[in-house]
K.L.:
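Sharing a structure, written as structure tokens. Questions coming.
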Amino acid sequence: MELRKKDLLTIRDLSPEEILFILDTAESMKEISTRDIKKVPTLRGKTVINLFYEASTRTRTSFEIAGKRLSADVINISSSTSSTTKGETLKDTGRNLQAMNPDLIVIRHAAAGAPKILADALPVPVINAGDGAHEHPTQALLDAFTIREKKKTIAGLTVTIIGDITHSRVARSNIALLQKMGAKVRLSGPYTMVPPHIGALGVTFIPDIGEAIRGADVIMMLRIQLERQQHGLFPTVREYARFFGLSRDKLQQAKPDVLIMHPGPLNRGVEISPDVADGPYSIILDQVTNGVAVRMALLYLLIGK
Amino acid sequence: MALLIKNGRVLDPATGLDEIMDVLIDGGRIRALARGLKPAAGSGAEDVSVLDAAGLVVLPGLIDMHTHLREPGHEYKETIQTGSRAGAAGGFTSLACMANTSPPNDSASVTEFILEKARKEACVNIYPVGALTRGLKGEELTEIGDLKEAGVVALSDDGHTVKNAAIMRRGLEYARNFSLPVICHCEESDLAGSGVMHEGVTSALLGLRGIPPVAEEIIVAREIALSEWTRHPVHIAHVSTAGSVQIIRAAKARGVKITAETAPHYFTLTEEAVRTFDTNTKINPPLRSEKDVEAIKEGLRDGTIDVIASDHAPHSSLEKDVEYDTAAFGIIGLETSLALTLQLVSQQVMSLSQAVKKMTVNPAAILGLDKGRLCEGADADITIVDMDQEYAVDVSAFKSKSKNSPFHGWRLKGRVLYTLVSGTMVFQAKN
């Protein structure tokens, strides 16, 4: 089996079979990171460019480690060192990078659809590492990998996503992926942070967080950007934490084997209380570990064959 | 030299005329309109050329009351010359051009510049729209009397809503002294925020920031209330939502003197078109939902919407070949408007006569122009169309300097073959 497209831009582009294929490939990649010598020669001589127009520690590092464990040469370009400050368009930056013959470009950008501009303009494969509030497909894949690792399957599970849905690319990619794999998706959070037409995506919105948690197999908390308070999306951080944050108290309504996830970075004490983040149900650090394996799998599948 | 147009299906929507007839043109005017006219008859001219229009439709020259010709200031996007040629190719013989040039058309000297350029370089009639407020800033009124004397036919801050309702009120009152209609761009700027597309199902999916329909509807309601209070007519530009149609319909029913326009893209495309992130779908107001499109069609059918205007908004690749968030709003429309409108005729939303009315007599009446008629004595502004000819839209063949159309590659039916302004052939389609 092979992936049909040269790029990974959205989860919507992937078939359920392709998703399973990526997750299965990631299983075999995961073992590499547990060896004493964490390196295989698979991508020797290949060049991967991480083109990051937005600050990122976790995702950029994860892609860099993934590339290096497969022996690719990884180059990082961040917005502060890129040509954007000189007024170059994204397409021109892409063409210039292409002229140096890279094998793959990973891009993160604040504008939804930006990775598609590169993918359409360049022959080199492009991986979307997050575009605006649109998609973050590798996050959804690593989340799926982690859920499957713990629950053995994704089909039939109920997953509740809580927080700022409107501005979340993580939520959009996860909704698409979980639905493709047969899970039920519930959303919760303040109405100010939920698109009015979200129901059209086939999800259930439950305004009360306790009710949204009840019976859920997985709870995904989303990061709240604190500056949104100034735009009237919530009255105070204190009130947000009290009504929409995940605390031990609210967890009492959850299933005894519930899993708690968060894409990071955490706002401890805001969307998630410290005891829950560090508690027994939390698989937040497993997500980070698995991120490397999933990204290794994607690099391998897109340019390793 | 006189011209005799033979055997065409001649429409004059003002009177409901729709018959196979001949049209004799001489001295820039329509001299005779009858069956079986002979080349020599009536005019006294010896040299009469004959145009065989059998199987073709002969219309009063189309009037586009909402275009952006970009001159002065943005000549790399369009000029009065190229815009007028694009208009002629689309069957338009008169264009009203909006004031958001650089500098904006907010003083008599800019109006005079536009008209002087038009006299020298335009192949169709150009009617400038003056700004209602200085610099389109919504703070101080322009010298409206001066603008009127210089030749503006209407006032508008198009591209912006006059945020301060009191300034808008005073603008309507003062414009009333000079009998200039005020054209309103309706958008509550705080609600629209930094939105780039319709807030609906597709924005929920794409994560692009949304512009809710209420951002338009709130201002449509405000302008209607102000029009009622000041007793001065307002014209609502580019209506895009079902709610706006409903508000306008209710106002007309109670006798408020308002008029409204929409653009072909609002009855042809939905928010779905944005899915590809094609920046040629980024327009303000944005492409709306299926429900809105249906309501716009109904509004056109029942007369709530009086006018179809292109909102021709040329932009170059500098503004469009970029990320969706940073791309400029606007698409060109002069060269596709008629064929897209004719789709409504084939869908039986409107009769041909009704549709043509919204592109001729209705805009002429709103702007106070003695145009849009096809009758004896009228200016010989005439558009001749082959209703059955199908063709593929090709932006590279457009006369417009800009190519930002979402309809590139579409197959459309109904092609303009000849455009005449004051009896002069200003466009003739290549075979």
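Numbers restart at 1 for each chain; the letters A, B, ... are given by sequence-line order, proteins then strands.
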K.L.:
Where do B:S203 and A:R172 come nearest, in terms of heavy atoms and distance?
P.N.:
O-NH2, 4.1 Å
K.L.:
Counting only heavy atoms from other residues, nucleotides and ligands, does the tally under 6.0 Å from NZ of B:K137 exceed 12?
P.N.:
no
K.L.:
Counting neighbours of NZ on B:K403 that are heavy atoms of other residues, nucleotides or ligands and sit closer than 6.0 Å, is the number greater than 12?
P.N.:
yes
K.L.:
Is it the side chain or the backbone of B:T202 that comes within 4.5 Å of chain A heavy atoms, both, or neither?
P.N.:
neither
K.L.:
Where is the tightest heavy-atom contact between A:A112 and B:L206, given as atom of each residue plus distance?
P.N.:
CB-O, 3.8 Å
K.L.:
Between A:A111 and B:D325, which heavy-atom pair has the shortest distance, and what is it?
P.N.:
CA-OD2, 3.5 Å
K.L.:
If you tally heavy-atom pairs under 4.5 Å against chain A, which of B:T276, B:L208, B:L205 wins?
P.N.:
B:L205
K.L.:
Mind checking the NZ-OG spacing from A:K91 to B:S317? Nearest 0.5 Å is all I need.
P.N.:
8.5 Å
K.L.:
Side chain, backbone, both or neither: which part of A:A110 has an atom under 4.5 Å from a heavy atom of chain B?
P.N.:
backbone
K.L.:
Hey, what do you get for CG (A:D131) to CZ (B:F277), rounding to the nearest 0.5 Å?
P.N.:
6.0 Å
K.L.:
Atom CD of residue position A:E54 - does it have more than 12 heavy atoms of other residues, nucleotides or ligands inside 6.0 Å?
P.N.:
yes
K.L.:
In Å and rounded to the nearest 0.5 Å, what is the OG1 to CZ distance from A:T166 to B:R209?
P.N.:
12.5 Å
K.L.:
Count the heavy atoms of every other residue, nucleotide or ligand shown that sit under 6.0 Å from NZ of A:K5, and state whether that count exceeds 12.
P.N.:
no
K.L.:
Can you tell which of A:A114, A:G132, A:P196 has the highest number of heavy-atom pairs within less than 4.5 Å of chain B?
P.N.:
A:P196
K.L.:
Can you tell me how far the CG atom of B:D321 sits from the CD1 atom of A:I117, to the nearest 0.5 Å?
P.N.:
7.5 Å
K.L.:
Taking every non-hydrogen pair under 4.5 Å, which of B:G193, B:G210, B:G200 racks up the most with chain A?
P.N.:
B:G200
K.L.:
How are the rings of B:H198 and A:H197 set relative to one another: parallel (under 30°), tilted (30 to 60°) or perpendicular (over 60°)?
P.N.:
tilted
K.L.:
With only heavy atoms counted, which part of A:H109 is less than 4.5 Å from chain B, the side chain, the backbone, both or neither?
P.N.:
side chain
